[in-house]
Amino acid sequence: MTTHVTAGLRGARAWITGRPWLTDIALGGGLTVFDVVTLLGRTPTPSAAGLALWGLQTVPLFWRRRRPRLVLAAMTVGFVLFAVIDPVPGKTPGPYFLIFAVFALARCAPATVSVPGTLLSLAAAVTADLLSGRSGPLRLDSLEPTTATAFVAFLSVAWLLGYGARRIDLGTRRLRDLNDRLRAQQEINARQAVVTERARIARDLHDVVAHHVSAIAVQARSAEDVLQDDPRLALQGVTRIAETADVALVEMRRILGLLAAQREDPGPEPSLRHVDRLFDATEATGCRVAATLGPSIDAVPSAVQVSAYRILQEALTNVIKHAGPTDVQVALRAADAALTVEVENGPAAAVHRPVPGSGRGLMGVRERVLAFGGALEAGPRPDGGWRVHATLPFQGAR
């Protein structure tokens with residue numbers, strides 16, 4: 001029961017908070033009705049003009065949020081008229097009505113506007129109150145300091161409260177704006193992270209598929225060439241095709257497993273400890289690989305190792321696709337906080353039929369190198385072969 005009541009109160013509060021004009025109507029209308037009713041209880045009954053002037057002092061509160069300066073001016077004029085005309089003998093408005101207008105002005109307008117407005121209203125109200133009902137000249141010893149002090153105290157407190165509420169509102173609005181900007185920036189960062197991750201996975205898929213499918217294509221053609229003359233050698237080629245396809249499927253499952261929201265361990269990331277797999281797959285196509293591995297490459301950060309592995313994979317894939325069975329020299333060296341990947345191959349074999357490519361592989365290699373602020377050189381050798389030289393700095397990389 002208590003929970004339902006609390007929820008109902010919260011809902012009602014939220015509904016009212018979203019409609020501030022209801023508060024203004026309740027305040028202005030409530031004060032006007034209350035003041036007029038209390039004035040009707042006086043004896044003798046005040047005149048209609050007195051009732052109208054008394055009630056009109058609070059009516060402007062209906063617009064206190066939308067027109068705070070006009071509201072304070074109108075209420076000040078109403079107070080002065082009531083004090084000067086004195087339609088209800090013995091009835092003095094006092095500062096109690098004006099505090100609502102001063103509070104509204106200090107909360108809704110900047111201090112450069114609310115301070116002069118409050119001071120003008122205070123001066124007019126105090127002067128009208130002190131001068132009202134006096135038939136003779138005003139003397140210093142006839143002033144009523146209590147009245148002036150009350151006006152100053154009440155209006156000053158009202159202004160301070162309104163100014164404080166304005167500061168809180170502005171601070172809350174700034175925090176809300178900052179929160180909205182932060183949320184928007186987080187969404188942008190999240191989308192960018194997704195795009196970056198998709199691009200990385202796309203590059204990995206390209207490297208895996210291009211490497212293994214190129215090897216399968218070369219092996220299939222070799223098996224086709226020797227099928228009639230040496231079936232046993234052709235059978236070995238078919239076996240290598242199956243093994244290469246199995247390795248490709250394993251790597252593709254690992255990469256695609258990264259896309260699943262709930263996934264089992266997709267297996268370790270490729271590293272330079274696994275380069276023998278690339279060499280074996282390349283040699284299976286008839287290439288002759290000579291590798292030189294530096295002694296400190298295992299100390300290279302894992303992120304750099306993954307990119308170096310993919311760069312090496314793409315370079316060997318291009319050898320298989322464009323040169324076929326040829327000599328390949330591979331060098332991996334780590335020195336001066338940088339890893340160097342170098343792949344050189346001899347001229348294309350005379351009987352080799354090149355596999356067409358899209359050119360995206362070299363673009364992916366360049367992106368991986370630039371991601372670490374490295375340098376890439378790729379181009380033909382004088383003897384008709386090809387050379388790829390990539391440098392990956394790993395200062396601060398993980």
Side-chain angles (χ1 to χ4, degrees), residues 206-248 250-251 270-295 297-298 305 307-334 339-357 361-362 365 376-391:
H206 172 273
D207 295 342
V208 170
V209 173
H211 178 77
H212 293 293
V213 171
S214 297
I216 290 172
V218 173
Q219 291 166 354
R221 289 171 180 169
S222 299
E224 180 184 6
D225 293 338
V226 301
L227 182 60
Q228 298 295 332
D229 300 332
D230 193 346
R232 181 176 299 179
L233 185 59
L235 180 60
Q236 292 178 358
V238 173
T239 302
R240 290 172 180 170
I241 290 173
E243 293 174 350
T244 304
D246 290 339
V247 174
V250 170
E251 290 204 37
S271 70
L272 297 181
R273 293 189 297 271
H274 306 142
V275 292
D276 290 342
R277 302 174 185 174
L278 299 178
F279 300 154
D280 293 342
T282 304
E283 289 179 338
T285 65
C287 293
R288 297 165 295 279
V289 179
T292 302
L293 306 181
I297 60 174
D298 289 339
Q305 289 200 34
S307 291
Y309 183 95
R310 294 304 185 196
I311 291 171
L312 180 59
Q313 185 178 49
E314 178 61 29
L316 293 176
T317 298
N318 288 335
V319 173
I320 296 172
K321 290 166 58 177
H322 303 297
T326 187
D327 294 324
V328 183
Q329 294 81 40
V330 177
L332 295 172
R333 297 181 296 272
L339 175 67
T340 300
V341 180
E342 188 174 57
V343 179
E344 295 187 74
N345 63 272
V351 297
H352 177 66
R353 286 176 289 177
V355 178
L362 189 58
V365 169
L376 173 67
E377 298 177 7
R381 299 196 314 180
D383 61 355
W386 193 267
R387 176 178 179 267
V388 174
H389 183 92
T391 303

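These numbers come from the heavy atoms of this one structure, side chains and all, not from hydrogens, waters or symmetry mates. These figures come from a predicted structure and were not determined experimentally.
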**Request:** Find the distance between NE2 (His389) and CD1 (Ile311) and round it off to the nearest 0.5 Å.
**Result:** 11.0 Å
Output side-chain donor-acceptor pairs under 3.5 Å for residues 327-334, partner residues at least two apart or in another chain, one line each.
from   : atom 1 : to     : atom 2 : distance (Å)
Asp327 : OD1    : Arg288 : NE     : 2.6
Asp327 : OD1    : Arg288 : NH2    : 3.3

**Asked** Taking atom CD1 of Ile320 and atom OG1 of Thr282, what is their separation to the nearest 0.5 Å?
**Response** 4.0 Å
**Fill in**
Smallest heavy-atom separation, Asn345 atom then Arg381 atom, equals O-NH2, 3.3 Å
**Nearest heavy-atom neighbours spanning Arg273 and Gln305** = N-OE1, 4.3 Å
**Item:** Within-4.5 Å side-chain heavy-atom neighbours: Phe279 and Leu316
**Value:** yes
**Asked** Any idea which heavy atoms bring Gly346 and Ala323 closest together, and the distance?
**Response** O-CB, 4.3 Å
**Request:** Work out which heavy atom in Tyr309 is nearest to a heavy atom in His274; give both atom names and the distance.
**Result:** CE1-O, 3.6 Å
**Message:** If you apply the rule side chain to side chain contact (heavy atoms under 4.5 Å, CB included), what do you find for Val341 with Val388, and how did you get there?
**Reply:** CA-CA 8 Å; Val341 180; Val388 174; over 6 Å; no
**Asked** Of the non-hydrogen atoms in Pro325 and Gly286, which two are nearest, and what is the gap between them?
**Response** CB-O, 3.6 Å
**Request:** Could you tell me which non-hydrogen atom of Leu272 sits nearest to which non-hydrogen atom of Val275, and how far apart they are?
**Result:** O-CG2, 3.3 Å
**Asked** Distance from Glu342 atom CD to Glu344 atom CD, nearest 0.5 Å?
**Response** 4.5 Å
